[in-house]
Every structure is written in C-alpha cells, then in structure tokens.
Amino acid sequence: MNVRLTLEYDGTEYRGWQVQPGGATIQGILEDALAVLLKQRVRVQGSGRTDAGVHALGQVADFACPDGRDLARLQRSLNALTPDDITVKSAEEAAPSFDARRDATKRVYEYRLWNHPWRSVFNDRYSWHVARPLRVDAMREALAALEGEHDFSCFRAAGCGAATAVRRIYRNELYPWEDHWVYRIEATGYLRHMVRNIVGTLVQMGLGERGPGAFPALIRGRDRTLAGPTAPARGLFLVEVSYGPSQSPRPDSAP
C-alpha cells in the first residue's frame with residue numbers, strides 16, 4: 001500500500017528534511033518511527049527538501065507500507081513516537097504510482113517579516129526581524145517582474161543540484177498578517193535558497209537600497225553575486241503542495 005502523509009513541523013532544531021550525517025532531520029525521525037511500527041526500514045520521500053531551520057505547514061510525503069495497516073491508527077502511533085515539533089496531519093492511501101516529489105504540480109511557500117523597531121520574543125523563532133521601516137509599495141511594485149517562466153540563476157545558491165535554473169512562478173504577493181508582512185510565492189518548483197534569496201533582495205528594495213525595477217536586470221544577468229543576501233531560514237514556511245486530480249487521495253482512506 002502506498003501511503004501519503006501530510007505533515008507540519010517546526011524546523012528550528014533540524015538539519016532540514018533530508019537524512020544526512022551530523023544531526024536530526026525530519027525524514028530521519030519519520031523513518032525511525034516507522035521502523036518501530038512496521039518492524040522494518042522504509043524510505044519516506046518528501047515533496048521537497050526543506051533546508052535546515054525551515055518550517056512546514058503542509059509538507060507531503062509518501063512511503064510503501066508493507067501491509068494493509070489501519071491508517072488512522074498509524075497516524076496516531078506516528079504522532080506518539082515523533083517529537084512535539086513534528087505532527088502528522090493526515091495519513092491516506094494513495095494510488096500505487098503516487099510520487100510526492102515528481103507528481104507535485106505547484107508548491108506554495110511563505111516568508112514572514114517582522115518589521116518593527118524591536119524584536120519580538122514570541123515571533124523571533126518564525127520570522128526575520130527587520131527593524132528599519134520598509135517601503136512596502138516599492139516591494140509590491142517589484143513582484144510582477146518575477147512572474148512567468150525565467151532562468152532564476154541569480155537566486156540560485158551554490159551547491160544546488162538542479163539540472164536547470166528555469167522555473168515558473170505562477171503568482172507572488174506581499175500582504176499583511178498579524179503584525180507581519182508575508183511574502184507568498186506559488187511556483188512549479190524552486191532552486192536551493194531561491195525564496196530566501198528573493199526575499200533578501202526584496203528587503204533591500206524595501207529599505208531603499210535598490211530600486212523596484214531591479215529584478216528584470218538581475219534575471220537577465222544570471223549572476224547570484226549581484227542579487228541580495230540570503231534571508232534567514234527561520235522565516236520560511238512550506239505551506240502547501242498541489243497535485244493533479246488523478247493523484248488525489250482515495251475517498252475511502254483514513255482522514
């Protein structure tokens with residue numbers, strides 16, 4: 001049985017999604033918990049490899065379950081075995097061919113900015129504190145240039161293993177939310193640190209260090225060194241992953 005998981009997690013204490021030496025990862029925690037429940041090791045594949053410190057509200061993953069488990073019970077057991085900063089929101093039977101990474105048609109990320117003179121003890125874990133006032137109108141004016149299909153090499157971090165830097169951004173916007181400014185982006189996929197590099201450049205525009213028309217030249221130049229700094233990981237959230245109708249969970253699967 002192919003099982004589809006939807007997860008949320010606080011990425012602060014983890015080295016990201018993917019199993020790697022030198023620290024705990026979300027994938028590793030899930031695989032260890034499943035090994036206890038299933039009495040054998042299985043590989044859990046995520047829709048994307050969130051970096052160290054990045055959070056998720058709607059990460060999707062799949063794994064091959066060796067037997068016909070009660071998925072509601074499996075979900076409860078996973079939540080009992082994993083730390084409090086990881087929650088399995090749902091466990092559903094998926095089509096045998098479902099692949100959480102390859103079948104994704106759109107991924108939505110949000111980045112939270114705390115734009116106040118003083119940092120917030122309660123928001124610091126989940127946002128980037130920018131103390132100086134931001135020119136939000138200039139930031140919003142800049143965003144239209146990012147939409148569509150482009151080579152985003154200018155926002156591609158070193159070590160990115162993607163075969164091509166071409167991605168399609170369907171929509172991006174900046175909106176207020178609970179005393180934050182939130183940058184929301186919807187795209188087919190992302191390069192390593194792409195969203196954080198966009199946000200770092202966008203904040204420079206908000207601070208008046210770049211004009212709102214800088215994005216087209218950066219995209220044409222394809223030079224990462226000319227774009228802005230990488231925003232801290234703590235403000236970034238994987239919000240939602242979308243799939244085509246043929247990859248929807250089976251209606252008789254567990255909630």
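What you see below is based on every heavy atom in this structure, not just the backbone, and it leaves out hydrogens, waters and symmetry mates.
For the pair Leu71 and Leu74, the minimum side-chain heavy-atom distance is below 4.5 Å. Between Arg156 and Arg224, the closest side-chain pair of non-hydrogen atoms is not below 4.5 Å. In this structure, Arg234 and Asp124 have side chains that are in contact, with non-hydrogen atoms separated by less than 4.5 Å. Side chains of Cys65 and Leu38 form a contact here, defined as non-hydrogen atoms less than 4.5 Å apart. Annotation: side chain of Gln204 is in contact with side chain of Pro229 (closest heavy-atom distance under 4.5 Å). Side-chain contact between Val54 and Trp17: absent, with no pair of heavy atoms (C-beta onward) separated by less than 4.5 Å. Side-chain contact between Arg102 and Gln45: present, with at least one pair of heavy atoms (C-beta onward) separated by less than 4.5 Å. The side-chain heavy atoms of Leu191 and Phe155, taken from C-beta on, include no pair separated by under 4.5 Å.
Residues Phe237 and Trp181 are members of separate hydrophobic clusters, defined by side-chain heavy-atom contacts under 4.5 angstrom among Ile, Leu, Val, Met, Phe, Trp and Tyr. Taking hydrophobic clusters as Ile, Leu, Val, Met, Phe, Trp and Tyr residues chained together by side-chain heavy-atom distances below 4.5 Å, Trp118 does not share a cluster with Leu207. In terms of hydrophobic clustering, with Ile, Leu, Val, Met, Phe, Trp and Tyr side chains grouped at heavy-atom distances under 4.5 Å, Leu226 and Val195 are assigned to a common cluster. Note: the hydrophobic cluster containing Val182 does not contain Ile198 (ILVMFWY, side chain heavy atoms under 4.5 Å, direct or indirect links). In terms of hydrophobic clustering, with Ile, Leu, Val, Met, Phe, Trp and Tyr side chains grouped at heavy-atom distances under 4.5 Å, Val42 and Leu78 are assigned to a common cluster.
The backbone N or O of Val130 lies less than 3.5 Å from a partner atom in the side chain of Asn115, making a donor-acceptor pair. Counting only distance, with no hydrogens or angles, the side chain of Gln18 and the backbone of Gln27 share no donor-acceptor pair below 3.5 Å. Side-chain atoms of Asn2 come within 3.5 Å of backbone atoms of Ala95 as a donor-acceptor pair (strictly under, hydrogens ignored). Judged by distance alone, the side chain of Asp62 and the main-chain N or O of Asp99 form no donor-acceptor pair under 3.5 Å.
Counting non-hydrogen atoms of neighbouring residues, nucleotides and ligands closer than 6.0 angstrom, the CG atom of Asp223 exceeds 12 such neighbours. For Arg184, the CZ atom counts as densely surrounded, since its 6.0 Å shell holds more than 12 non-hydrogen atoms of other residues, nucleotides or ligands.
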Q: Would you sort out whether Met194 and Tyr109 count as a side-chain contact (heavy atoms from CB on, under 4.5 Å), showing the intermediate values?
A: CA-CA 11 Å; Met194 176 175 161; Tyr109 277 88; over 6 Å; no
Q. Taking it one step at a time, do Thr50 and His55 satisfy side-chain contact (heavy atoms from CB on, under 4.5 Å)?
A. CA-CA 8 Å; Thr50 52; His55 318 292; over 6 Å; no
Q. Does the side-chain contact (heavy atoms from CB on, under 4.5 Å) test come out yes or no for Phe98 and Asp103, once each step is laid out?
A. CA-CA 7 Å; Phe98 175 73; Asp103 292 339; 4.0 Å; yes
Q.
Please determine whether side-chain contact (heavy atoms from CB on, under 4.5 Å) holds for the pair Leu146 and Ile185, giving the CA-CA distance in whole Å, both sets of side-chain angles, and the decisive distance to 0.1 Å.
A. CA-CA 10 Å; Leu146 296 177; Ile185 180 170; 5.9 Å; no
Q. Between Gln59 and Ser47, is a side chain to side chain donor-acceptor pair (under 3.5 Å) present by the stated rule, with each step listed?
A. CA-CA 7 Å; Gln59 171 73 285; Ser47 67; 2.5 Å; yes
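Side-chain contact, Arg49 with Thr25: no donor N or O sits under 3.5 Å from an acceptor N or O.
To the nearest 0.5 Å, the span separating OH on Tyr175 from CD on Glu110 amounts to 3.5 Å. To the nearest 0.5 Å, the span separating CZ on Arg196 from OH on Tyr111 amounts to 7.0 Å. Rounding to the nearest 0.5 Å gives a distance of 11.0 Å between OG1 of Thr87 and CG of Leu57. Separating the CG atom in Asp51 from the CG atom in Leu236 is a distance of 8.0 Å, to the nearest 0.5 Å. Distance OG/Ser153 to CZ/Arg220: 14.5 Å, rounded to 0.5 Å. Distance check, rounded to the nearest 0.5 Å: OG1 of Thr6 to NZ of Lys89 gives 7.0 Å.
Contact record, Arg107 with Gly189: NH1-CA, 4.1 Å, taken as the closest heavy-atom pair. Heavy atoms only, all atoms of each residue included: Met205 and Ala214 are closest at CE-CB, 3.8 Å. Taking all atoms of both residues into account, the shortest heavy-atom contact from Pro232 to Trp128 is CD-CD2, 3.5 Å. Minimum heavy-atom separation, Cys160 to Arg192: SG-N, 3.6 Å. Closest approach of Val199 to Ala231, counting heavy atoms only: CG1-CB, 3.9 Å. For the residue pair Leu174 and Leu143, the shortest heavy atom distance occurs at N-CD1, 3.7 Å.
Note: Tyr14 and Tyr9 fail the aromatic proximity criterion, with ring centroids not under 6.0 Å apart.
At a threshold of 4.0 Å, the pair Glu31-Arg43 counts as salt-bridged, since one of the basic side-chain nitrogens sits closer than that to a carboxylate oxygen. Checked for salt-bridge contact, Asp32 and Arg41 meet the test: a charged N lies under 4.0 Å from a carboxylate O. Ionic pairing of Arg125 and Glu13 is present here: one or more N-O contacts between side-chain nitrogen and carboxylate oxygen are shorter than 4.0 angstrom. Using a 4.0 Å cut-off between charged side-chain N and carboxylate O, Arg69 and Asp67 make a salt bridge.
Ring-plane geometry between Phe152 and His150 is classed as perpendicular, the angle between the planes exceeding 60 degrees on a 0 to 90 degree scale with a lower cut at 30.
In summary, of the residues considered (Thr82, Leu81, Leu34, Val19), a side chain to side chain contact (heavy atoms under 4.5 Å, CB included) with Ile29 occurs for Thr82 alone.
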